Protein chains: 2
Amino acid sequence: MKFTLRQLHIFLAVAKYQNISRAAESLHISQSAASEALNNLEKSYNVCLFNRQKNKLSLSPIGQTLRIEGESLWAHCQSFDNRLTNHNEMGHIKVAASFTIGNHLATRYLGGYLNQFPGANVQLETANTPEVIAKVLNYDVDIGMIENEVQEKDLELIPWREDELVVFCAANHPLARKKRLEDKDIREAKWILREPDSGARQTFEKALSNLLPKIQIYLEFKHNEAIKNAVESGLGIGCLSRIVLNKNFANGDLIPLTLPNRDMKRTFYFALPKQRYHLSAVDAWMNTCVETDITDMAKPQDT
Amino acid sequence: MKFTLRQLHIFLAVAKYQNISRAAESLHISQSAASEALNNLEKSYNVCLFNRQKNKLSLSPIGQTLRIEGESLWAHCQSFDNRLTNHNEMGHIKVAASFTIGNHLATRYLGGYLNQFPGANVQLETANTPEVIAKVLNYDVDIGMIENEVQEKDLELIPWREDELVVFCAANHPLARKKRLEDKDIREAKWILREPDSGARQTFEKALSNLLPKIQIYLEFKHNEAIKNAVESGLGIGCLSRIVLNKNFANGDLIPLTLPNRDMKRTFYFALPKQRYHLSAVDAWMNTCVETDITDMAKPQDT
DNA sequence: ATGGCTCTACCGGTATTTCCGATAGTACAA
DNA sequence: TTGTACTATCGGAAATACCGGTAGAGCCAT
């Protein structure tokens, strides 16, 4: 065992920033210390972790794979550190969730989780799907929660619940009286949608792929609330996850519309870095999510 | 991250030997260094790993669980260390197998494994079942291979192949002409068996439990070869795994006897310490074992 | 009891490691 | 060419680890 945890930590930081100076800064040590530690690590194993061409660092192929494994090992160490510091695992965790999930579902999960780990420090960030994935891949968060399947090696997807998009309009919108929308309605409507990177938009486009070129996208927003407000003002019709609309449907502010033969179902996934070890808090978080969903099934939906 | 790998290593050694002096010796450091490192670890986390009563050390409850997790973490570190030293995993591994498995099966697995990892250092030890289990639990070996299910928390059992015991006698033995043994024959025979701790003996006793008090155990040996020789000399009849007898049946030195309605089947298990992480070499070993078995199925059995 | 044995904890001095600031050298862009 | 951003290296200071020696506590046989 010729390496130290300090060297591992520095290696991972440098791999993350691809830059010794930034890495040193993030670790609150001097640039020279970081450089030296990295050199010692490479020298003692006679291995080349980074390509040092033109005064620029980039991970070597070996460094690539060792980074993955090192990240896994570091998580393992942190877990051990946790167990040492507070002998009954506090459950600290960092979660990144897509907007829809983060603002409407994760908040409820949070309650159950904090109930389980009263002292836990849970950091919940919301972002759109690509950003969530980037955070997971860069080990900025312990787990991501996204709304669609995504192709990405180094990422492990675990499905955890079903969802469905619903097309809707304002109560006083002409379409509100129609039970079912025909293709003609779909083509003629003014659509107010999420941005193309969003999970909701992608599911929408898949479900309406044959009509897609003819659809008028009238407005695009990055946030569900903006879309709901715009639709409620009568500017057009929208398409969002049922979970963000339930309350409005109950109030009568917004009216659900049905599209025959269009499959708007989708699956929510946990996104984890594809590595063997992850914090036990991550397991606990996933368990809390599915259990909260199960108990919520029994009660009438809201939120 | 307030601990170092050195502290972890020392903690695990002390936990293993329950004795600082021995642990220090095994690590080739002075007793004072080990003591100091352990104290620093405990002090920096403000945790009590050992009960220090009467100048004797014993693992505290927290120490118990942390030892398990620490051992897992250490294995993870070793794996990482391996990857660093020889960038393509050499597959070093220590295996403990029961006599029957170690002498007749593991030797064949060894070939396939070394083919996969040409530079690997594989240490294969044979011992009886309780000794194998002890070695696994004490982390003296990476994996154990045993012939029977065994009750032991902290041990994970993974079944990997079926086996069957066969009763047999010498070619010139009076029973050799009989196709099937009746209970009378079983009672009157002079049995030559393995010692009670062995897997073969336990399966034997389970299969013949109703007749057990009346069975004459004439001789007991710790090694299969001794039993085969004794039976071949006409001293009595034996009961061993088919895998150690195939060659003798083919030669005609020994004759298989059938016992109607007696279930002599059993399952071979891998025995691992119940911890989350183990060396990837362990996975490779298990894979090699099952694959070797599969390819051997096609060919006629020997050995 | 008493002396010998074994074990852990502590101390002082030494050796090693780690850290920082300063500095040299290299690419690149203005 | 100059300025900026970056990495590698050096010397000295600070922190840490190590060892041998030793004190003190239990245990056991005499």
Side-chain angles (χ1 to χ4, degrees), chain A residues 1-60 62-64 66-67 70 74 77 81 84, chain B residues 1-60 62-64 66-67 70 74 77 81 84:
Chain A
M1 201 65 52
K2 297 196 294 288
F3 73 97
T4 69
L5 290 185
R6 200 183 124 271
Q7 289 172 333
L8 174 64
H9 198 187
I10 291 173
F11 163 57
L12 294 177
V14 175
K16 178 171 178 173
Y17 294 104
Q18 307 260 13
N19 176 318
I20 293 187
S21 302
R22 299 269 176 83
E25 190 181 356
S26 80
L27 298 176
H28 308 293
I29 62 174
S30 72
Q31 176 267 331
S32 57
S35 172
E36 190 182 353
L38 196 59
N39 282 333
N40 284 341
L41 179 62
E42 290 186 303
K43 203 172 298 172
S44 65
Y45 282 96
N46 199 30
V47 67
C48 174
L49 271 359
F50 291 91
N51 302 315
R52 288 165 172 77
Q53 288 160 357
K54 310 185 176 192
N55 242 355
K56 272 277 185 180
L57 292 191
S58 64
L59 271 170
S60 73
I62 297 168
Q64 291 273 3
L66 284 174
R67 185 198 174 192
W74 185 251
C77 289
D81 181 77
L84 274 167
Chain B
M1 201 62 53
K2 297 196 296 288
F3 73 98
T4 68
L5 290 186
R6 200 182 124 272
Q7 289 172 334
L8 175 63
H9 198 185
I10 291 173
F11 162 58
L12 294 177
V14 175
K16 178 170 178 174
Y17 294 104
Q18 308 262 9
N19 175 319
I20 293 187
S21 302
R22 299 270 176 86
E25 190 182 355
S26 80
L27 299 176
H28 307 292
I29 61 174
S30 72
Q31 175 269 330
S32 58
S35 173
E36 190 183 351
L38 196 60
N39 281 335
N40 284 341
L41 180 62
E42 290 187 302
K43 205 172 297 172
S44 64
Y45 283 96
N46 200 30
V47 66
C48 175
L49 271 357
F50 291 91
N51 302 315
R52 286 165 172 77
Q53 287 161 0
K54 310 186 174 191
N55 243 354
K56 272 277 185 180
L57 293 190
S58 63
L59 273 169
S60 73
I62 297 167
Q64 291 273 3
L66 285 175
R67 186 199 172 190
W74 186 249
C77 290
D81 182 77
L84 274 168

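Below, chains carry the letters A, B, ... as their sequence lines are ordered, and counting in each starts from 1. Computed from a predicted model, the values in this text were never measured in an experiment.
We find that OH of B:Tyr17 is positioned 18 Å from P of C:dT6, with the value rounded to whole Å. The separation between B:Glu25 atom CD and C:dT6 atom C1' is 13 Å, rounded to whole Å. At whole-Å resolution of the value, CD in B:Gln7 and C1' in D:dT16 are 11 Å apart. Taking atom CG of B:Leu38 as the reference point, atom P of C:dC10 lies 12 Å away to the nearest angstrom. Note: CG (A:Leu57) to P (C:dA27) measures 14 Å, nearest angstrom. Regarding B:Leu27, its CG atom lies at a distance of 15 Å from the P atom of D:dA17, rounded to whole Å. A straight line from NZ of A:Lys2 to C1' of C:dT17 spans 17 Å, rounded to a whole angstrom. In this entry the distance linking CD of A:Glu42 with C1' of D:dT7 reads 12 Å, nearest Å.
Applying the side chain to side chain donor-acceptor pair (under 3.5 Å) rule to B:Ser35 yields no partners; only residues at least two apart in sequence or on another chain are considered. By the side chain to side chain contact (heavy atoms under 4.5 Å, CB included) test, B:Ala34 is found to be paired with B:Ile10, B:Ile20, B:Ala24, B:Ile29, residues two or more places apart in sequence or in another chain being considered. The side chain to side chain contact (heavy atoms under 4.5 Å, CB included) check on A:Asp81 picks up A:Thr85, B:Met1, B:Phe3, B:Tyr45, with sequence neighbours excluded. Partners of A:Lys2 according to the salt bridge (Lys or Arg N to Asp or Glu O under 4.0 Å) rule, which considers only residues two or more places apart in sequence or in another chain, do not exist here. With sequence neighbours excluded, the residues satisfying side chain to side chain donor-acceptor pair (under 3.5 Å) with A:Glu42 are A:Arg52.
Looking at the side chain of B:Asn39, the nearest of the listed nucleotides C:dC7, D:dT7, C:dC10 is C:dC10.
Map A:Ala37 and B:Arg22 each onto its nearest nucleotide of DNA chain C; the residue landing nearer the 5' end is B:Arg22.
In this structure, B:Ser21 does not reach the C:dT6 phosphate: none of its side-chain N or O atoms is under 4.0 Å from OP1 or OP2. OP1 or OP2 of D:dA5 has not a single side-chain nitrogen or oxygen of A:Asn19 nearer than 4.0 Å. Side-chain nitrogen and oxygen atoms of A:Asn40 include none within less than 4.0 Å of the OP1 or OP2 phosphate oxygen of C:dT17.
Surrounding CZ of B:Arg22 are at most 12 heavy atoms belonging to other residues, nucleotides or ligands under 6.0 Å away.
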Identify all pairs in which a protein N or O lies below 3.5 Å from an N or O of nucleotides 19-21 of chain D, and state each distance.
{"from": "D:dC19", "atom 1": "OP2", "to": "B:Ser30", "atom 2": "N", "distance (Å)": "2.7"}
{"from": "D:dC19", "atom 1": "OP2", "to": "B:Ser30", "atom 2": "OG", "distance (Å)": "2.9"}
{"from": "D:dG20", "atom 1": "O6", "to": "B:Ser32", "atom 2": "OG", "distance (Å)": "3.2"}

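Across A:Asn19, A:Leu49, A:Leu57, A:Leu27, a single residue satisfies side-chain contact (heavy atoms from CB on, under 4.5 Å) together with A:Val14, and that is A:Leu57.
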